[in-house]
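Worth saying up front: this structure is predicted, and the values here are computed from it rather than measured.
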There are 2 protein chains.
Amino acid sequence: MDENTYCGESNLLDIVLDSIKKISGYLEKECIKELDVEDISRELKLLEPTLTIVLSKWVPEILYLPYLKERMSFNDIKRALNVSSRVLSDKLKTLEKEGIIERTVTDENPPRVHYALTEIGGTFALALVPFLTIVKAKQRSSELPVTNHM
Amino acid sequence: MDENTYCGESNLLDIVLDSIKKISGYLEKECIKELDVEDISRELKLLEPTLTIVLSKWVPEILYLPYLKERMSFNDIKRALNVSSRVLSDKLKTLEKEGIIERTVTDENPPRVHYALTEIGGTFALALVPFLTIVKAKQRSSELPVTNHM
DNA sequence: CTGAATCCTTTATGATACTG
DNA sequence: CAGTATCATAAAGGATTCAG
């Protein structure tokens, strides 16, 4: 494993798998027995609006851009992702409303606009890493080290 | 915090935040500097097909059902989620093709069909937990303990 | 019960053009 | 540069019906 475009993720994968193991252990011991389908379903319905936003097309890409750069202009993002301005505008507005990114206008002359992840936005991005890592690992090899899934 | 429908997740949140912290620390030290927008963008494009599937409507819900039950019939799922059979059928087929769930037909009389998470599917579900936990924590209170996001 | 087949509506996205 | 407005298309979801 040497063409690590993302970064040395043989190591990242280890961290992620370790996290998953802990979560799995916790869930197994503490609560799974008491859950029922309706609970989870109801629960996920509450999460759905946010899920729909964060996991729609382009949004993961966007999240990992400011993550890199700290702040980017509208056109920087547009060019980096090769997305139409209408779609990008929509997404940015939605993400701003959700408090995931923030838009700042400088009082320079001419004024500049830049976007950056908020703190919660950054946490969101990081919380997605385990999932992205697993997806990637699955794509790389079908035989992924497996945690005990309940 | 006592109406924990999901489960005692003040504790789960701790585990998740700890994981995120480790991931954050790792990324910060090891690689973020060397990344550029095109890399990440290219990378996420590869993940996109899977992301689109797993994060589309109903799929998280589905993932957390067999997660609970180990195996469910078509109609169990249908009733639990209150989803049309066309949509459910589509989703299940796609998930099966992706190796995330598996469909089994028993040779009873009458034959029964049931669905269950595969091992990778279970890992997927667990890998989503951090993200779901963060989303939920965000909804519960705007002031979420924050990791240093780069 | 487990779907497949149809049809219809809604939502998401894309392309293009245009403005302060 | 940072968008908005408009139009067109595609993709996803929902409702209903029917069959083995």
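The CZ-P distance, from Arg86(A) to dC18(C), rounds to 18 Å in whole Å. Following rounding to the nearest Å, Arg112(B) (CZ) and dC1(C) (C1') show an atom-to-atom distance of 7 Å. Residue Lys93(B) contributes atom NZ, which lies 15 Å from atom P of dT2(C) at whole-angstrom precision. To the nearest angstrom, C1' of dA15(D) lies 15 Å from CG of Leu88(B). Atoms CG (Leu81(A)) and C1' (dT13(C)) sit 14 Å apart, rounded to a whole Å. Distance, Glu48(A) CD to dA12(D) C1': 13 Å, rounded to whole Å. In this structure, Lys78(A) places its NZ atom 13 Å from C1' of dT4(D), rounding to the nearest Å. In this structure, CG of Asp76(A) is placed 8 Å from P of dC1(D), rounded to the nearest angstrom.
Residue Ser89(A) has its side chain nearest to dT4(D) when only dT2(C), dT4(D), dT13(C) are considered. Checking dT2(C), dG14(C), dT13(C) against the side-chain heavy atoms of Trp58(A) singles out dG14(C) as nearest. Ranking dC1(C), dA2(D), dA12(D) by closeness to the Phe74(A) side chain, first place goes to dA2(D). Of all nucleotides listed (dG14(C), dA2(D), dC1(C)), dG14(C) comes nearest to the side chain of Val83(A). Side-chain atoms of Val113(A) lie closest to dA2(D) of the nucleotides dG13(D), dG14(C), dA2(D). Relative to the side chain of Arg79(B), the nucleotides dC1(C), dG3(C), dG14(C) differ in distance, and dC1(C) lies closest.
Of the inter-residue distances, the one linking His114(B) atom NE2 with Ile77(B) atom CD1 reads 11.0 Å to the nearest 0.5 angstrom. Atom CG in Leu117(A) sits 11.0 Å away from atom CE in Met72(A) (nearest 0.5 Å).
Between Lys57(A) and dG14(C), a side-chain N or O to OP1/OP2 separation shorter than 4.0 Å is present. Residue Ser73(A) places at least one side-chain N or O under 4.0 Å from the OP1 or OP2 atom of dA2(D). The side chain of Tyr115(A) places no N or O atom within less than 4.0 Å of a non-bridging phosphate oxygen (OP1 or OP2) of dC1(D). Contact annotation: Ser84(A) side-chain N/O to dA15(C) OP1/OP2 distance is not under 4.0 Å.
Taking the six-membered ring for Trp and the full ring otherwise, Phe124(B) and Phe131(A) have centroids separated by under 6.0 Å.
Taking 4.0 Å as the cut-off between side-chain N and carboxylate O, Lys45(B) and Glu61(A) do not count as a salt-bridged pair.
Side-chain N/O atoms of Ser56(A) and Lys91(A) include a donor and acceptor closer than 3.5 Å.
A donor N or O paired with an acceptor N or O is found under 3.5 Å between the base of dA4(C) and the side-chain atoms of Ser85(B).
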